[in-house]
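Source: prediction; values computed, not measured. First listed ligand is number 1; within each ligand, the first listed atom is number 1.
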Amino acid sequence: MSPSARFDLSGQSVIVTGGGKGIGKVYAREFARAGARVVAADIDGEAAGEVASAIRAEGGTCFGLTTDVSDAASVATMARATLENFGRIDVLINNASLMSALPRRSFLEIPEDEWDAVMSVNLKGLFLCCRAVVPSMRDQGRGKIVNISSSRVWEGVPNRLHYTTSKAGVIGFTRAMAHEVGSMGITVNAVTPGYTLSESQVASSTGNYLAAQAEGRAMGRPQHPEDLVGAVMFLSSPASDYMSGQTVNVDGGKAMH
Ligand SMILES: NC(=O)c1ccc[n+]([C@@H]2O[C@H](COP(=O)([O-])OP(=O)(O)OC[C@H]3O[C@@H](n4cnc5c(N)ncnc54)[C@H](O)[C@@H]3O)[C@@H](O)[C@H]2O)c1
């Protein structure tokens with residue numbers, strides 16, 4: 001395989017959950033710029049549609065879908081629509097999550113239904129999306145799954161305890177699933193982003209919190225959505241075909257593990 005083929009994403013059929021906003025929007029745009037055919041699947045279908053229109057306007061291939069990753073029927077529709085439009089599913093980026101909508105507060109104040117909602121989207125959503133795409137990846141004999149966790153897991157960041165717990169679950173899920181599907185030619189890896197200046201994160205953070213975001217990072221600057229794209233693309237490309245069950249930390253060199 002030529003060096004460039006190892007990193008080639010052109011023609012790949014890529015689903016980005018939560019692809020309507022924030023970091024997922026940037027993944028959708030950058031995968032399309034790399035020549036992939038992209039599905040932006042988001043509970044906010046209008047935002048997903050706008051992402052798809054913007055990508056098509058610059059010559060890329062993308063369609064937007066209203067998808068609730070915590071709903072099995074909705075996720076089945078996502079997989080079916082991808083197969084109908086692109087004929088295959090090569091890459092699943094499990095990026096959808098409940099995060100910025102969650103107030104930062106003591107775990108003693110987290111309502112039980114909010115805890116359940118976070119687990120439903122951030123963990124059950126992962127399970128449902130993987131379950132929906134793996135049969136076609138298995139039939140193809142290859143597939144790439146990238147699960148978005150969080151560097152909170154390494155740092156033990158408090159005050160969104162349900163969120164941090166769910167993102168730790170993403171790592172266990174990734175490791176065990178890697179064993180279940182490796183012989184099918186499917187890799188499953190996770191990425192732990194550091195605090196990233198997505199629109200929603202900025203909107204839900206105070207000035208002091210934002211001002212501290214360069215601190216402790218080897219790179220000496222805050223993290224932007226674009227900083228995550230290279231690692232996610234690597235784990236989606238043939239270059240990472242012998243890597244599975246791994247968690248790659250992308251936080252500008254803050255948590256080192
Ligand atoms: N921004 C950060 O600092 C940061 C840090 C670590 C990890 N992450 C993770 O990176 C990913 C993207 O973060 P972001 O900052 O863009 O978050 P965001 O809140 O801006 O985006 C999340 C997206 O998921 C969608 N979504 C929510 N519930 C959904 C559901 N049930 N079904 C489908 N889509 C749903 C939202 O509409 C939104 O488009 C998330 O998994 C997040 O947990 C973010």
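- Under the 3.5 Å distance criterion, with hydrogens and angles disregarded, a donor-acceptor pair is assigned to the side chains of T164 and R152.
- Of the N and O atoms on the side chains of R217 and Q223, at least one donor lies less than 3.5 Å from an acceptor on the other residue.
- The side-chain hydrogen bond (donor to acceptor under 3.5 Å, both in side chains) with K144 is formed by just one residue from the set S237, S244, S240, S236; it is S240.
- Sorted by chain then number, the residues whose non-hydrogen atoms approach ligand 1 to under 4.0 Å are G18, K21, G22, I23, D42, I43, T67, D68, V69, N95, A96, S97, M99, S100, V121, I148, S149, S150, Y163, K167, P193, G194, Y195, T196, S198, S200, Q201.
- With sequence neighbours excluded, the residues that form a ring-ring contact (aromatic ring centres under 6.0 Å, His included) with F86 are F63.
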Expected list for residues 173-180: side-chain donor-acceptor pairs under 3.5 angstrom, two or more places apart:
from : atom 1 : to   : atom 2 : distance (Å)
T174 : OG1    : N147 : ND2    : 3.0
T174 : OG1    : V170 : O      : 2.6

Ignoring hydrogens and angles, write down the donor-acceptor pairs under 3.5 Å from the side chains of residues 46-59, residues two or more places apart or on other chains.
from : atom 1 : to  : atom 2 : distance (Å)
S53  : OG     : G49 : O      : 3.0
R56  : NH1    : C62 : O      : 2.7
E58  : OE1    : R33 : NH2    : 3.1
E58  : OE2    : R33 : NE     : 2.8

